[in-house]
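Encoded as structure tokens, the structure appears first; notes follow it.
Just so we're on the same page: letters track the sequence lines, and every chain starts at 1. Worth knowing before you read on, the calculation uses all heavy atoms, side chains too, and leaves out hydrogens, waters and symmetry mates. Just so we're clear, the structure is a prediction, and the values are computed from it rather than from any experiment.
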Amino acid sequence: MKIEEVEISNPEKLIFPGKKITKLDMVKYYDKVADKMLPFLKDRPLTLQRFPDGIDQDGFYQKNASDYFPDYIETIAIKTEEGTNTQVICNNRKTLIYLANLGTVSFHIWLAKKEDLFKPDKVVFDLDPPKDSFKKVKDAAGKIGEFLRKEGIEPKLMTSGKSGFHIWYSVKPDKNFDDRRKEAKALANKMEEEYPDLLTTAIRKNKRENKVFIDYLRNAYGQTSVCPYSLRPIQSCGVATPLEWEELATIEKADQYTLTNLFRRLGQKK
DNA sequence: GCTGGAC
DNA sequence: GTCCAGCAACGCAGA
DNA sequence: TCTGCG
Ligand SMILES: [Mn+2]
Ligand SMILES: [Mn+2]
């Protein structure tokens with residue numbers, strides 16, 4: 001069995017056993033969503049989150065491209081504190097299929113592109129709910145969207161596919177991570193000030209007091225956030241789904257859209 | 001999922 | 001021939 | 001400087 005000239009091994013192996021979703025199902029999902037997803041992957045170093053034996057078994061993160069990856073897999077050298085990593089960049093459908101066949105469930109992307117790895121082209125706020133209070137994080141997303149627009153920013157919204165939301169905005173890649181993080185922190189502090197009962201920037205869990213955590217620390221060199229349209233390794237096979245702001249009211253959980261129902265939504269959406 | 005080293 | 005370990009660091013902020 | 005965090 002081949003898709004995009006990539007041999008699919010063990011197509012019947014269950015990756016989401018609870019939902020009886022096979023590796024072939026997953027590969028087909030990524031093939032189908034590729035046109036939407038590839039623009040978000042473009043030119044960004046990738047961390048793969050792989051579950052070759054399904055999400056009920058231990059998985060692993062993979063940063064470095066394996067020696068056996070075929071030549072058509074694009075890679076980039078990444079400076080780290082001690083040495084160099086060689087990370088994958090996924091700029092085409094064939095690569096996406098190849099990585100999915102490896103059991104990659106989730107794709108985690110850098111906030112900077114290969115042209116300048118030290119200068120991010122977006123700022124991300126990762127909203128994490130307390131325990132599992134989706135109500136609060138949904139409320140927070142709406143408030144933060146409104147807040148950012150008042151600041152003259154045009155924020156984008158997506159479900160994380162797992163428990164919360166991501167809100168981000170595009171910037172020119174003309175400042176380094178330290179500067180962008182300071183900017184993000186200042187905004188997060190203002191949000192917290194405006195909604196002190198709902199939002200917190202406290203890193204320690206035991207100081208969050210059941211509030212929604214605004215994680216602005218993703219805005220740092222070498223950090224990643226989940227790519228739009230990536231699956232998440234949870235029973236529900238939730239998808240990180242970009243939303244129109246008007247859609248927020250209709251969302252009842254962070255994994256509302258899944259491998260199974262995402263295309264129903266995309267079909268309706270013009 | 002796939003490889004390479006240990007046995 | 002079979003078995004099995006490895007497959008990710010990093011940077012920040014607060015204590 | 002060490003630890004929790006994601
Ligand atoms: Mn295995
Ligand atoms: Mn999150």
Side-chain angles (χ1 to χ4, degrees), chain A residues 1 3 6-15 22-24 26-27 30 45-55 57-70 73 75-88 95 97-112 117-118 120 123-130 137 160-166 176-186 188-189 192 200-209 211-227 230 232-233 240 254:
Chain A
M1 151 80 58
I3 294 184
V6 177
E7 179 66 34
I8 305 305
S9 51
N10 298 314
E12 298 306 320
K13 187 179 234 182
L14 290 172
I15 300 297
T22 65
K23 188 142 70 74
L24 182 59
M26 185 169 81
V27 169
Y30 278 117
L46 217 42
T47 296
L48 312 174
Q49 193 181 7
R50 296 178 52 193
F51 295 82
D53 295 322
I55 62 162
Q57 305 302 126
D58 284 341
F60 57 92
Y61 289 89
Q62 182 167 10
K63 244 175 208 198
N64 282 285
S66 300
D67 291 337
Y68 59 82
F69 284 8
I73 304 293
T75 59
I76 184 169
I78 304 282
K79 288 274 170 242
T80 68
E81 196 141 317
E82 42 187 278
T84 306
N85 284 343
T86 305
Q87 293 192 226
V88 172
T95 299
I97 300 303
Y98 178 83
L99 297 173
N101 180 59
L102 253 26
T104 305
V105 170
S106 296
F107 295 78
H108 302 269
I109 51 174
W110 273 46
L111 278 63
L117 295 171
F118 295 94
V123 171
V124 176
F125 297 99
D126 170 22
L127 308 185
D128 293 328
V137 75
S160 79
K162 198 168 165 188
S163 62
F165 292 93
H166 287 196
N176 64 26
F177 277 103
D178 285 358
D179 290 341
R180 287 299 177 195
R181 189 176 53 258
K182 262 179 217 155
E183 168 184 324
K185 179 178 186 173
N189 285 339
E192 185 180 25
T200 177
T201 57
I203 294 169
R204 302 277 165 143
K205 282 188 165 177
N206 61 12
K207 301 205 79 177
R208 292 187 193 162
E209 299 176 307
K211 298 173 193 171
V212 174
F213 176 49
I214 311 170
D215 180 5
Y216 62 89
L217 289 164
R218 318 233 127 241
N219 301 284
Y221 180 80
Q223 302 299 103
T224 61
S225 70
V226 70
C227 184
S230 175
R232 307 306 300 272

Closest approach to the side chain of [X], judged atom by atom: which nucleotide of [options] is it?
X	options	answer
A/A220	C/dA9, C/dG14, C/dG11	C/dG11
A/K185	C/dC10, C/dG14, C/dC7	C/dG14
A/K63	B/dG1, D/dG6, C/dC10	C/dC10
A/Y61	D/dG6, B/dC2, C/dA8	C/dA8
A/Q223	C/dG11, C/dG14, B/dG1	C/dG11
A/Y68	D/dT3, C/dA8, B/dC2	B/dC2

A/V124 side chain reached by A/N219 side chain, heavy atoms, under 4.5 Å =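 SC-SC contact between A/N219 and A/V124 confirmed.
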
May I ask you to evaluate whether [X] reaches the phosphate of [N], defined as a side-chain N or O under 4.0 Å from OP1 or OP2?
X	N	answer
A/K207	C/dA15	yes
A/R181	C/dG11	no
A/R208	C/dG14	no
A/K205	D/dG6	yes
A/N10	B/dG1	yes
A/N85	C/dA9	yes
A/N101	B/dG1	no
A/T80	C/dC10	yes

With sugar-phosphate meaning primed atoms plus P, OP1 and OP2, does [X] contact a base, only sugar-phosphate, or nothing at under 4.0 Å between heavy atoms?
X	answer
A/Y216	sugar-phosphate
A/N219	nothing
A/S9	sugar-phosphate
A/K182	nothing
A/D67	nothing
A/Y221	sugar-phosphate

Within this structure, what is the [atom1]-to-[atom2] distance between [X] and [N], rounded to whole angstrom?
X	N	atom1	atom2	answer
A/N206	C/dA15	CG	C1'	11 Å
A/D126	D/dC5	CG	P	15 Å
A/E183	C/dC12	CD	C1'	17 Å
A/I78	C/dA9	CD1	P	12 Å
A/Q49	C/dG6	CD	P	19 Å
A/L48	C/dG6	CG	C1'	15 Å
A/L111	D/dG6	CG	P	17 Å
A/L217	C/dC12	CG	P	9 Å

Which comes earlier along DNA chain C counting from the 5' end, the contact point of A/T224 or that of A/K79, where each point is its nearest nucleotide?
->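 Looking at the nearest nucleotide for each, A/T224 comes out on the 5' side.
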
Donor/acceptor link under 3.5 angstrom from A/R218 side chain onto base of D/dG6 |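 Checked by distance alone, the answer is no.
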
Is the A/Y221 ring parallel, tilted or perpendicular to the A/F118 ring (thresholds 30°, 60°)?
->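 Plane angle under 30°, so parallel.
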
Taking [X] for the side chain and [Y] for the main chain, is one N or O donor matched with an acceptor at less than 3.5 Å?
X	Y	answer
A/T104	A/L99	yes
A/N85	A/Q87	no
A/S160	A/K162	yes

Does a side chain donor of either A/E192 or A/T201 reach within less than 3.5 Å of an acceptor in the other side chain?
->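 Distance-only check passes for A/E192 and A/T201.
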
C/dA8 versus D/dG6 - spacing of their C1' atoms, nearest Å |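 So the two C1' atoms sit 13 Å from each other.
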
Does A/F60 have A/R50 sitting over its ring (NZ/CZ under 6.0 Å from centre, angle to axis within 45°)?
->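 A/R50 over A/F60 ring: no.
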
